[in-house]
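Taking it in order: structure first as structure tokens, then the write-up.
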Amino acid sequence: MNNLKRSYSSSKTSSGARYNAKPTKDSNKLPSSSRYKNTDLSSPESSESQTSIFPIIKQADNSRLLPRYTTVLSRSIEDGVGMEDLDQLQHDLEKLLSTTAVRNRLLRSEIESIDRVEERRKNKRGRPYDKQVPLKRKRPDERSKYKDSRNGNRMIKAKHSIPINNFVNDVPVKREVPKVSFPKNDTSDKFWLSIEPYCTDITKDDVAFLDDLIQECSQEIDVKIPEVGEHYTVEWSDELLGHERGLSSTQRVAKAKSVNFSNELKKNGLNAMVDTFSSPLTQRLLAALIEENVVTKMPIVNEKLKPTDFCLPKGGPRNGVCMDRRLRKELVEQGILDVEDLQKSVPPDDEILTEIKKCMQELKAVNEKNVSQLNQLRTIVAKDLRRQEVKEALDKVDNQIMELYNKILVTKQSKAPHSDDETYEKSTSKQNMNDYQEEANKLIQQQAILHKELMELTNATMPLL
Amino acid sequence: MPFTADAIAAQQVQECLKSLYNLVQETEKKRQQSEHGLNAAYKFQNSQDEKNQHFQQMELKNLYKTAVAQAEQEEEVLRKALQKITEIRNIKNERRIQARHAGNKETIRCGAWMKMLLSSAQTLPLFVSKIGEKPPPLCGAIPAEPNYYAKVGDMVAALVKVADGDGDNWILAEVLSYTHATNKYEVDDILEEQNQKKRHILSKKYVVPLPLMRANPETDPSALFPQGTVVMALYPQTSCFYKAIVNKLPQTPTDEYEVLFEDFSYANGYSPPLYVAQRYVIAIKQKTKQA
């Protein structure tokens, strides 16, 4: 009997399997305790990355590890399971369940780690491409992208390994470093990734993008408001008219139409006719007339009150508007209505037009503001580009100075040992030193100038940004 | 066949056993699939070479996904099978309680009781959490909800006055009834002879329900008492709970806690390590002793 019991100590270990091996304390109490198939103890550690072994009880091991289960399995359906089997069978099933549950978890974590590796690979590949994409005003997908990307390129996290040796009372105590791998804390990485677009250096692409934007925005907004067409009632009735004309090419239809119209009049009475006039004023007037029995003679409708009478061009529904106009004109001529009254109703109190104009004005204001902001930004960007140049130059000079400094050090050292021997070398070295000093002075001056410029530029750009 | 309660119960048990048998057969099929799935993944891993890693990783991921699906199916069948076993036990327990109500005295010797205690601890249902699932109350070390009360027939630890007069003792007892109005339990000492004298009627705070499920150390270590916790544990071969310190946690579902009992007859004040089943290790009650 195998007296080594192996078990997964914790399913929480994220990717690698960790084994604990300890002697069974009481082999009587725990009859079948060799739970997982034998694996070399060292293997899980070494193969943690790729071939982590998932726990499974192989079917080949059935009889050894799951005695009661195997017995039940081999029985016929008539024999089935007996009450006396329950306890052992339960243990066997539980063993299977637990193994399966652990395997499920490990597999999932393995999938996760593959995903993570993929993500990293994608990020690496995606980076240069990413930079070429001009900055859009807002990248809507940005948030999610950075949220997802774990372990981006920017590894800010320093590797603080847990010190293995702790000194307690001056005695080194080898502390067991817990191999529990904590859930990866990549919050800082995420943070830096999300910050990056705001902190990267400005590139030529950004400038080009800005220029494009400025150009685009400084164009005059040229939205023409189309002339006010005819009122929709007029337009519609025109359409209808056209339709009718098409129909009334034959006399018969026209006749039927006019008969129809007068029939309608007859049927619905004058009130219906009153309703066909659009303006309330006209309606009121007509209603008043009807009440006063001025227009009562229905029969004349047939002869007199033809649709053509209402309007100069003959027209069915259109006559409402025409009627209005004609009535107005008539009333003014008669002196019943004042011209002023008329005009009061005429003025183009066109809400839509005013709204459009208002909107246009707002748009213009916003656009102007945008352009001015963009221009401001453009100047800052220009300065920043210059700053970058200066910074580069400064870095170069810094490097040169460092080189020179090293050279000087080398010459000084080489001078020391055989100073007396060769006067010639001495003189050349002295010559060299002088050269170096001159050069150094020059460089340092340059450095100072560049530094000053850089400070100015930085001050110029920063507060505004 | 007369339809007595017993007969009906027996029939139910038979049905459960039958479906249990079928589930076992089904399990074997699922296991075969799982094994195939895993083998495929292993084989793939071993045959991997360096070129086109990306593709290979995707392939491997797919194999793993299949394996996960298979493992889940297997899990499901196993859960069903275990559920059946629990059902059978419940039916039997129900019958036992009924029989006792009917007045059938079951006389069980002390030794038999001890054996039963052990086996009932081992066959307490095992809780294996699904992914993302939290262990429920009364699973392992997870305490009961405050308004929980133990059901009739449940095992509890009860603080009772011991007749001999040496104070109070936490004993292992079985719930006979619970009165909501008074919040009081009527409990039976599991040692028969003790009950000859009197039944115990105890306030709820002197009764601690024992876990109804074992926690699986492999998947739910959070439901176990951490090492070093002071607990109440049933002293082996007795029916009393004593203060103890958790020394080692169980590593497998069938393992027991290794505990050190507070025992002043030993030089260092603690007993040598003893093993106590999960069922008989409970959180210590902040007690108002000598009350």
Side-chain angles (χ1 to χ4, degrees), chain A residues 5-12 20 22 25-26 29-33 35 50-51 53-60 62 69 72-73 75 77 79-83 85-87 89-108 110-111 114-115 117-118 121-122, chain B residues 13-14 17-18 20-25 27-28 31-32 34-35 38 41-42 45-46 48 53-54 57-58 60-61 64-65 67-68 71-72 74-75 78-79 81-82 85-86 88-89 92 119 122-123 125-126 128-131 214 216-221 251-256 258 273 275:
Chain A
K5 183 173 51 154
R6 301 213 172 88
S7 66
Y8 282 88
S9 61
S10 156
S11 62
K12 296 271 157 68
N20 261 357
K22 67 167 187 166
K25 56 208 174 192
D26 187 346
K29 254 181 196 164
L30 300 152
S32 54
S33 53
R35 304 203 52 211
Q50 272 296 315
T51 52
I53 284 137
F54 305 105
I56 187 166
I57 299 175
K58 294 204 166 181
Q59 285 180 306
N62 269 1
Y69 172 85
V72 169
L73 201 62
R75 279 190 204 148
I77 190 147
D79 292 341
V81 192
M83 289 304 283
D85 297 321
L86 279 190
D87 291 6
L89 185 61
Q90 183 186 353
H91 281 173
D92 288 350
L93 289 176
E94 278 171 356
K95 205 184 288 178
L96 277 171
L97 177 59
S98 180
T99 316
T100 313
V102 173
R103 183 170 72 234
N104 193 352
R105 284 163 169 74
L106 283 177
L107 280 166
R108 272 164 195 268
E110 199 65 23
I111 289 173
I114 288 178
D115 280 346
V117 169
E118 279 306 303
R121 199 203 307 273
K122 250 180 228 160
Chain B
V13 168
Q14 280 312 312
L17 285 174
K18 203 176 282 172
L20 180 59
Y21 175 81
N22 289 333
L23 283 168
V24 167
Q25 300 290 340
T27 305
E28 192 63 10
R31 285 181 59 206
Q32 192 169 11
S34 291
E35 208 174 318
L38 265 196
Y42 286 144
Q45 265 179 356
N46 292 336
Q48 246 181 19
Q53 262 205 341
H54 168 71
Q57 288 288 308
M58 291 330 275
L60 188 62
K61 191 174 144 188
Y64 282 161
K65 273 192 175 157
V68 165
E72 269 167 7
E74 191 184 329
E75 226 179 291
L78 285 167
R79 278 180 202 284
L82 285 167
I85 294 181
T86 315
I88 295 170
R89 290 195 199 288
K92 282 192 70 183
S119 90
Q122 280 170 355
T123 58
L126 178 74
V128 179
S129 67
K130 290 174 186 159
I131 284 163
R214 283 177 293 147
N216 183 7
E218 287 162 1
T219 55
D220 307 283
Q251 300 294 324
T252 71
T254 43
D255 269 4
E256 302 179 328
E258 186 186 296
Y275 296 100

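Naming: A, B, ... by sequence-line order, numbering from 1 per chain.
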Checklist entry - So which heavy atom on Pro125(B) is nearest to which on Gln90(A), and how close? => result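 Heavy atoms only, the tightest pair is CA-NE2, 4.0 Å.
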
Item to check | Qualifying residues under side-chain hydrogen bond (donor to acceptor under 3.5 Å, both in side chains), relative to Glu72(B), sequence neighbours excluded | outcome: Arg108(A)

Item to check | Residue list, side-chain hydrogen bond (donor to acceptor under 3.5 Å, both in side chains) with Gln25(B), at least two apart or on another chain | outcome: Tyr21(B)

Interface residue of largest heavy-atom contact number with chain A, from [options], under 4.5 Å:
options: Leu82(B), Asn216(B), Ile88(B), Val13(B); answer: Leu82(B)
options: Leu20(B), Thr86(B), Asn22(B); answer: Leu20(B)
options: Glu75(B), Gln14(B), Glu28(B), Lys61(B); answer: Glu28(B)

What part of [X] lies closer than 4.5 angstrom to a heavy atom of chain A: side chain, backbone, both or neither?
X: Gln32(B); result: both
X: Lys130(B); result: backbone
X: Val24(B); result: both
X: Leu38(B); result: side chain

Item to check | Step-by-step salt bridge (charged side-chain N to carboxylate O under 4.0 Å, His left out) determination, Arg31(B) to Glu35(B) | outcome: CA-CA 6 Å; Arg31(B) 285 181 59 206; Glu35(B) 208 174 318; 5.5 Å; no

Checklist entry - Do Arg105(A) and Ser129(B) get their side chains close enough for a donor-acceptor pair, meaning under 3.5 Å? => result yes

Checklist entry - Are any of the side-chain nitrogens in Asp255(B) or Arg214(B) under 4.0 Å away from the carboxylate oxygens of its partner? => result no

Next on the checklist: Please classify the contact between Asn62(A) and chain B as side chain, backbone, both or neither, with a heavy-atom cut-off of under 4.5 Å.
Outcome noted: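 Answer is side chain: those atoms of Asn62(A) sit under 4.5 Å from chain B.
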
